[in-house]
Structure formats: C-alpha cells, structure tokens
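For reference, the structure is listed below as structure tokens.
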Amino acid sequence: MHSQTTISRFPSLSTQTHFESLISFIKSTTKTTQLLEIHAYLLRTSLIQNTTFSVPFLNRISLPPLQNLTYSLRTFSQISRPIVTHYNTIIRAYAMSKYPEKGFYVYRDMMRKSKSPNSQSLSFVTKCCTKSCSVFGGLQVHARILRDGYCFDTLLLTTLMEFYSGGGKGDDACKVFDEMPQRDTVAWNVLVSCYTRNGRTRDALDVFDRMQRGEHGCDPDDVTCLLVLQACSNMCAFEFGERVHQYVKDHGYSHALNICNSLVAMYSKCGQLDKAYEVFQGIPNKDVVSWTAMISGFASNGRGREAINVFREMQRMGISPDEQTFTALLSGCSHSGLLDEGRSIFDRMQRVFGLVPNIHHYGCVVDLMGRVGLVEDAYELIISMKCKPDATIWRTLLGACKVHGNLTLGERVIERLIELKAQEAGDYILLLNIYSSAGNWEKVIELRKLMKEKGIQTTPSASTIELKGEIHEFKVDDTSHPRINEVYEILDEIEKQLKIGGYNAEITDVRLSYHSEKLAMAFGVLATPPGTKIRVAKDLRICTDCHNFAKMLSAVYSREVTIRDRTRFHHFREGRCSCNDFW
DNA sequence: GCGCCTCCGC
C-alpha cells in the first residue's frame, strides 16, 4: 500500500524531483513487489530505455538481497539498445547464479554486437569462468586483458589470479601476481589463498613476512590473518600461529569473532588445547562456529568426554548446533571409542534437532563402530544409508577391517571401491597389510603383481616438525634434509635404546622402512635439548609401528611427543597415548 | 562500481 502511494505521487512533482526521488527509491527498496511496480511504471513510461533508470534498477534486482535472475533477464531483454554496463550487470548476475557458464555466452554476445568489454565486464566474466571451471573461457579472457592493455588493473588481475588458483593452476596464478606492477592487500591475500588451496602451505606462511618486507609493502589485514591462521593449522605451525596471534592483538583485530574462531581452530589443530581454550573463554559473544571449533578441538585431541561437555554447555547457553557441530561431536566419540554416547548423539541429532544425517555423520559412526570392532554392523549401516556411499566411507571401513584383521569383509569392501573406480594406492596398501597380518603371503604376492600391472604408484608420505618457527620436512627414506646422516645415526641409537625398553619393530605392516614420522621424531631428539616437547605433523595416518615407537620414546627419553596425523592428534607421555589405542 | 574471508569429517 505504501509503495503504491509512493509511485502514484511521482507525477505530481516537478520532473527533476520526480526523477531523483524515483532513483533514490529504487536504490533503497528491498521489496520485490515494490520493484515490480516500479518496473511496470518504467515500462509504461518508456523510462526503462533511459540508462539513468535502468542501470540502478538492474543493479537492485540482480544483487543481493533480491538476486532475482529471472527479472534481471526480463528487464535486460526490454532494453532495446543495451550498453556495456547493462551487459555487465547480467554477466555479474550469472556469475552469482547457478549457471555461471551462461555469463560467458553473454560476454561473447556483447562482443559480437561490437560492444567492447571494459574492466568490469572482464572481471565478471572471469568470475564466471572460475565458477564454471571453464579453462578455455578463462584463457580467452586473459588474452583479451593483455590485448586491451589492462595489465595495470590490480583488481582485474586479482580476479584472474583467482581463476588460475581455483583451476589448480597455482603456478599461473603466481605468474600473474609476479607481473602485477602494483599490488594491494587483497592481491596478497589471494596469493596466500592460492598457495593454501594448491598445497603450498609453507609458501603461504612466507607471504605473511614477504608482504610486509616488500618495497611497496602492504600491511596484512584481518582477512590475511584468517588465511594465514588456516595455513598454520594445516602445517601445525604453532610458533608461527602465535606470531600471527600477536599481530592480531597489535592491530586491533582481537575482537573480531571470525579471527577469534580461527585462533581457536589454529591452536586446536596445533595440539595446543590450553591456548585454544583460553582464546575460546575470552570470546564474549560465542556463536555456533566458536562452539564447534572448541568441540572439534577436544574431539581431535582425543578428549571426547570434554567435547561432549562443551556441547552440553553450548546448549545451556541456548546456541543451536548445526550439522558441522554434530560432525565434530561424532568424530570425538569415534576418536575416544565412546560407542554408546556416539549412538545416542546420532539418534538425538535426528529426533531432537531434526537434522538429516549426511555422509560425514555416517562416516563418523562407521568409524566409531569400526574402531570398537563392530565391522559387520558398520557395513550394514553403510548399506542402509539414504545417501550414496562414497569412496571415503568405504575406505574408513577398510581401515577398520585392517585393525581387526577381518579379511573377508576387507575383500568385499575393496570390491566396492573398485566399483566406484576410486581405488587409490593407499587402499591396496591397506588390503596388502590385511593379507600380511593374516600371514596370507600368496595373496600378498598376487596383489603386488596386480598393483604392478595396474601401474599403481605409492605416494611417499611426509612429516614436518617446527623448530624455532622453521619448518623441517621429511619423506619416507628421506635423503634430502641437510642433516639427514645425523638423523639416521641418532635413529639407530634411539631404536637400540627403545629395544631395551621392550620395543619391537612390527613386521605386519608392509612398508617397513624409515617412515617419515620416525625421521622427524629423531630429528626432534637430535636438534632440541633434552626434555623439550617434540611436535610432528604427518600427512597420512600413523601406523602401528610408529605409534609404538612414539609411545616408547616418550617413556625412555622422558619427552612429550605430539603427532598430528591426517585425522587426529596423538599426545604421547610416559609411555601412553591420549588415544588409548582408539585410532 | 568489482576482488580475498571464520567452525566439521571420512
């Protein structure tokens, strides 16, 4: 009713005021119904042909909160001679929609009509190519950017970096960055995100210093901190993370909720639960993300009961858990072997909170059942799922079959993986280990032959250890580290000592050579004074042998050892592990 | 005028 009066009032005013108030009304309204009335009015008066009206109208209808693609397209089609800005609006609308590839068609169409794209058109169409993973389109746009001389446009080039980074072409993104004559903080941020996304976490951390050092230095902003904290989590770079925390305090970001949440996650993922909890308690207005981060922190560090307590506290505070909260909680139950608690939470999640379990939730429950030996039940659960089982969930069960030496089920599971055409080297290694644990050497030889025939290559795993803020990396049977000879020497010495303590190298695991985590631990013993905590991060899951090795090391050398593997933390102390062998 | 961004898991 209100809008009706507003529009009908327009003609009574002088033309100037009429137009001005109409435009400001378009810019301020957020109601689709009001915009539809205006649309009808613009059409009736042919004012829609006037860019002064059509541009703000298109912006309003195509951008959030309305984002109405249908009306944007209809309006666009009613404009008889669209200009570049109109096209840009539509390309942007497609970039934000579910059909990003159509943005590229509009871009091509506009060029066919001899309209030259400007910086904005190129920026939006690049985004379309990024979202639709169109390598072909992106390369064409890149060529156009160079041809039209936009190589000074920082903003446009940053968008182009995103295209390469998202398409897994990190090197090309870096090249665009290197050739940029000017860089702002956002360009640096995209570089960090590019490194993180493409697995070059170390380089991501280096950027934090590089950007401050540079000639035309840029100060990291809050987004830089978020990204770098993520990189610290991935690398288990605790000391680096602390430095970023200091930077956050010094630059007044310590009250930003997203930064605080990232800090909780970073400290948790570096195994520093006390620090994580300290930051967590200092957050005045904790949201779901904060609570989930803390639950996950306890969960991945093998403290399932505390994770459940935090969850209870969260409910007392009236914060509703979301799907991710339950994933964290259920994974906590599985890491700590809390079968009944896990089952009850899985049940309450559906009954009380009305959430439909997704593949991750099922994955956690399968993991939980598998760990405690209910492998057949876990198999039944996967079969009963409403969603399609993926390779990962089968792989989880395969791992459980290995732990419990269930050969027949293991074979059935690998068949499923083969059906999904998703079998990886790691899956064969697991099956291989199942056979060798059972002493079935014929099958071992047969499978090895099969792997050779299929050309399956095992990727060497790597472990890292941080000393004085510097990251040292070791691979299986490493030969590259500068102090590798000393490392092997001390490793032999350690093994001798541990054997006296009762450690025996297990021969059930096939790949028995110098595992990277052993090398990293040995380096820790070598390079730090006695009594210093050893913190190692590993990209795959730790094997039984290395687990025993670490347990014994913690007792014989009186060192606390922390190993973060692909899925969780292991805190070793006085010959025991926080995981109680539930891993 | 447009770009980067917090919590989960197998």
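These numbers come from a predicted model, not from an experiment. Values reported hereafter were calculated over all heavy atoms of this structure, with side chains retained and with hydrogens, waters and symmetry mates removed.
Put simply, CH2 on A:Trp394 is 23 Å from P on B:dG9, counting in whole angstrom units. Per the geometry, OH belonging to A:Tyr94 stands 21 Å off P belonging to B:dC2, to the nearest Å. Atom-to-atom, CG of A:Leu263 to C1' of B:dC7 comes out at 13 Å; the value is rounded to the nearest Å. One atom, CD1 of A:Ile295, and another, P of B:dG9, lie 11 Å apart when rounded to the nearest Å. To the nearest angstrom, P of B:dG1 lies 18 Å from CG of A:Leu122. A:Trp188 places its CH2 atom 22 Å from the P atom of B:dG3, with the value rounded to the nearest Å. Computed from coordinates, the A:Met369 CE to B:dG9 P distance equals 20 Å when rounded to whole Å. Rounded to whole angstrom, the span from the CD1 atom of A:Ile259 across to the P atom of B:dT6 amounts to 11 Å.
Taking both residues in full, the closest heavy atoms of A:Lys269 and A:Phe569 are given as O-CZ, 3.0 Å, listed atom of the first, atom of the second, then distance. Across A:Cys174 and A:Leu191, no two heavy atoms sit closer than the pair SG-CD1, 4.1 Å. When all heavy atoms are compared, the tightest approach of A:Glu341 to A:Arg305 is OE2-NH1, 2.9 Å. When every heavy atom of A:Ser268 is checked against every heavy atom of A:Leu273, the shortest pair comes out as OG-CD2, 4.2 Å.
You'll find a donor-acceptor pair under 3.5 Å spanning the side chain of A:Asp184 and the base of B:dG3, going by distance alone.
The environment of NE2 in A:His251 is crowded: more than 12 heavy-atom neighbours from other residues, nucleotides or ligands sit within 6.0 Å.
For A:Arg92, the side-chain atoms get nearest to B:dC2 when compared with the rest of B:dG9, B:dC2, B:dT6. Minimum atom distance to the side chain of A:Gln324 is reached by B:dC8, of the listed B:dG3, B:dG1, B:dC8. Here the side chain of A:Asn258 is nearest to one of B:dC2, B:dC5, B:dC8, namely B:dC5.
In this pair, A:Phe326 and A:His361 present their aromatic rings perpendicular. The plane angle is above 60°, beyond the 30 to 60° band. Relative ring orientation between A:Phe104 and A:Tyr107 is described as tilted, the plane-to-plane angle lying within the 30° to 60° band.
The closest side-chain donor-acceptor pair between A:Asn118 and A:Asn88 falls under 3.5 angstrom. Side-chain polar atoms of A:Asp347 and A:Ser344 form no donor-acceptor pair below 3.5 angstrom.
If you check every strand for non-hydrogen atoms under 4.0 Å, A:Ser262 touches sugar and phosphate atoms only. Contact annotation for A:Val190: backbone-only contact, meaning every heavy-atom pair under 4.0 Å involves sugar-phosphate atoms and none involves a base.
Phosphate proximity of B:dC8 to A:Lys269: present, with a side-chain N or O under 4.0 Å from OP1 or OP2. Contact check, A:Ser296 against B:dC8: a side-chain N or O comes under 4.0 Å of OP1 or OP2. For the pair A:Lys27 and B:dG1, the criterion of a side-chain N or O lying under 4.0 Å from OP1 or OP2 is not met.
Each side chain to side chain donor-acceptor pair (under 3.5 Å) pair with one or both residues in residues 218-229 of chain A, not counting sequence neighbours, appears once here: A:Asn189-A:Asp221, A:Asn189-A:Thr224, A:Asp221-A:Thr224.
The stretch residues 221-235 of chain A touches DNA chain B through A:Val223, A:Leu226, A:Leu227, A:Gln230, each having a heavy atom within less than 4.0 Å of the strand. Near DNA chain B, defined here as any heavy-atom distance below 4.0 Å, the residues from residues 152-165 of chain A are A:Leu155, A:Thr158, A:Glu162, listed numerically.
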